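Only a predicted model underlies this, so the values are computations on that prediction, with no experimental measurement involved.
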Amino acid sequence: MIRAVESEAHVSAPVLAAYSYCEAVTSGQARNFAYGIRLLPAPKRRAMSALYAFSRRVDDIGDGPLADEAKAARLDDTRALLGRIRDGAVAEDDTDPVAVALTHAARAFPIPLGGLDELIDGVLADVRGETYETWDDLKVYCRCVAGAIGRLSLGVFGTEPGARGAERAPEYADTLGLALQLTNILRDVREDAEGGRTYLPADDLAKFGCSAGFHGSTPPEGSDFAGLVHFEVRRARTLFAEGYRLLPMLDRRSGACVAAMAGIYRRLLDRIERDPEAVLRGRVSLPGREKAYVAVRGLSGLDTRHVTRRTVRRRA
């Protein structure tokens, strides 16, 4: 069992201001994520915002305009800052609000901060321009940049006392992160190509005649692009099905948060499956009203009950 320590003891004004900064970053730059965490009680919502703001900083270094050597140096500096956060060496009046907020969150919850080291490793792989021959290769990257975030988040959520199979909760959180990341990769395939990056496994690209890459609004000539997308969608659905086994292990509001975030991405996956070439024409997204519906569905516990019934049937 993973217990989240949720204390509403006095939080100082500087720490609250640091959290407010992180929440502003989250609401402004991560709308899908923000839809989920708004369902959490304040201490968990603030901690999740701190995790997001630090992760965003790492991602922004990787995606920014600096030369690769400068990016690597900035990532080294960020890793050193993470070491200070881990050691509790960031004062409440420090001028870095993200470091202040994350230090407080790591004291309040058993967050496995090593996951942020993994994230930095994943972004360094982007800086080096690494490509992936097989799904097994890509999984290593996805575990760094997304599975680790799932495990970090579980440190905030905790698991319910007596939850059956709770020892596997980190595994399910990791798998759900993989599902979200593979959905991201499909959604951003053209944008990544324009930035000189290819994430889909070379084996899969060759199998469907897409090794030439994606450089316009139409698939490579003679390719089976729809077949490639449907193949990856099936892989993502398998990951979602496994990762959703986490839901019954969480309290109602944490489960609602996870169900909302995952539900948004599953609906994105549905849209991509219906019109594979849409990802070459532009960014596939959901309207706000549909995201709100997914959040309400998550809060209602429908997804959790569905997973619980399915698990019971398997055991019967």
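The pair Lys139-Asp174 does not count as a salt bridge, with every side-chain nitrogen at least 4.0 angstrom from each carboxylate oxygen. Note on Lys71 versus Asp76: no salt bridge recorded, every NZ/NE/NH1/NH2 to OD/OE distance being 4.0 Å or above. Asp63 has a carboxylate O that lies under 4.0 Å from a charged side-chain N of Arg197, or vice versa, which qualifies the two as a salt bridge. Looking at Arg281 and Asp275, a side-chain N of the basic residue comes within less than 4.0 Å of a carboxylate O on the acidic one, giving a salt bridge.
Ile85 CD1 to Leu102 CG: the interatomic distance, rounded to the nearest 0.5 Å, is 4.5 Å. Atom CZ in Phe54 sits 15.5 Å away from atom OG in Ser49 (nearest 0.5 Å). The distance from the CG atom of Leu178 to the CZ atom of Arg235 is 10.5 Å, given to the nearest 0.5 Å. Taken from CZ in Arg151 to CD1 in Ile111, the straight-line distance is 14.0 Å, to the nearest 0.5 Å. In this structure, the separation between CG on Leu247 and CZ on Arg252 is 13.5 Å, given to the nearest 0.5 Å. A distance of 5.5 Å separates CG in Asp204 from NZ in Lys207, rounded to the nearest 0.5 Å.
A cation-pi contact, defined as under 6.0 Å to the ring centre and within 45° of the axis, links Arg266 to Tyr244.
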Taking it one step at a time, do Glu92 and Ser12 satisfy side-chain hydrogen bond (donor to acceptor under 3.5 Å, both in side chains)?
CA-CA 8 Å; Glu92 290 188 357; Ser12 70; 2.7 Å; yes
Using the rule given for salt bridge (charged side-chain N to carboxylate O under 4.0 Å, His left out), can you reason through Arg84 versus Asp94, listing the C-alpha separation, both sets of side-chain angles and the distance that settles it, and then say yes or no?
CA-CA 12 Å; Arg84 291 180 56 223; Asp94 193 280; 3.5 Å; yes
Please report the C-alpha distance between Arg190 and Glu277 in whole Å, then the side-chain angles of each, then the deciding distance to 0.1 Å, and finally whether the salt bridge (charged side-chain N to carboxylate O under 4.0 Å, His left out) criterion is met.
CA-CA 10 Å; Arg190 180 177 174 182; Glu277 292 188 24; over 6 Å; no
Take Glu23 and Arg46, measure what salt bridge (charged side-chain N to carboxylate O under 4.0 Å, His left out) needs, and give me the verdict at the end.
CA-CA 7 Å; Glu23 289 185 297; Arg46 292 195 295 251; over 6 Å; no
Determine, stepwise, if the pair Glu242 / Leu176 fulfils side-chain contact (heavy atoms from CB on, under 4.5 Å).
CA-CA 7 Å; Glu242 181 73 5; Leu176 199 54; over 6 Å; no
Dump the intermediate steps for side-chain contact (heavy atoms from CB on, under 4.5 Å) on Asp270 and Arg237, then the final yes or no.
CA-CA 10 Å; Asp270 291 341; Arg237 289 197 191 287; 2.8 Å; yes
Mind running side-chain contact (heavy atoms from CB on, under 4.5 Å) on Arg56 and Ile61 for me, showing each step along the way?
CA-CA 9 Å; Arg56 183 82 228 183; Ile61 293 171; over 6 Å; no
With salt bridge (charged side-chain N to carboxylate O under 4.0 Å, His left out) as the test, would you mind laying out the steps for Lys44 and Asp251 before giving the verdict?
CA-CA 12 Å; Lys44 291 184 178 183; Asp251 66 76; 2.9 Å; yes
Full working for side-chain contact (heavy atoms from CB on, under 4.5 Å) between Cys22 and Val98:
CA-CA 6 Å; Cys22 293; Val98 177; 4.2 Å; yes
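In this structure, Tyr141 has its ring center closer than 6.0 angstrom to the ring center of Tyr199. Taking the ring centroids of Phe157 and Phe109, they lie at or beyond the 6.0 Å cut-off.
Annotation for Arg143: atom CZ counts as buried by contact number, over 12 foreign heavy atoms lying within 6.0 Å.
Residues Ala166 and Met249 share a closest heavy-atom pair of CA-SD, 3.9 Å. Shown here for Leu268 and Ser285, the closest heavy-atom pair between the two residues is CD2-CA, 3.6 Å.
Side-chain N or O atoms of Ser55 include one that pairs as donor or acceptor with a backbone N or O of Leu51 at under 3.5 Å. Looking at Tyr19, its side chain does come within 3.5 Å of a backbone N or O of Ala105 through a donor-acceptor pair.
Classified by interplanar angle (parallel below 30°, tilted 30° to 60°, perpendicular above 60°), the ring pair Phe214/Phe225 is perpendicular.
The hydrophobic cluster containing Val11 also contains Val156, counting ILVMFWY residues as joined when their side-chain heavy atoms lie under 4.5 angstrom apart, directly or transitively.
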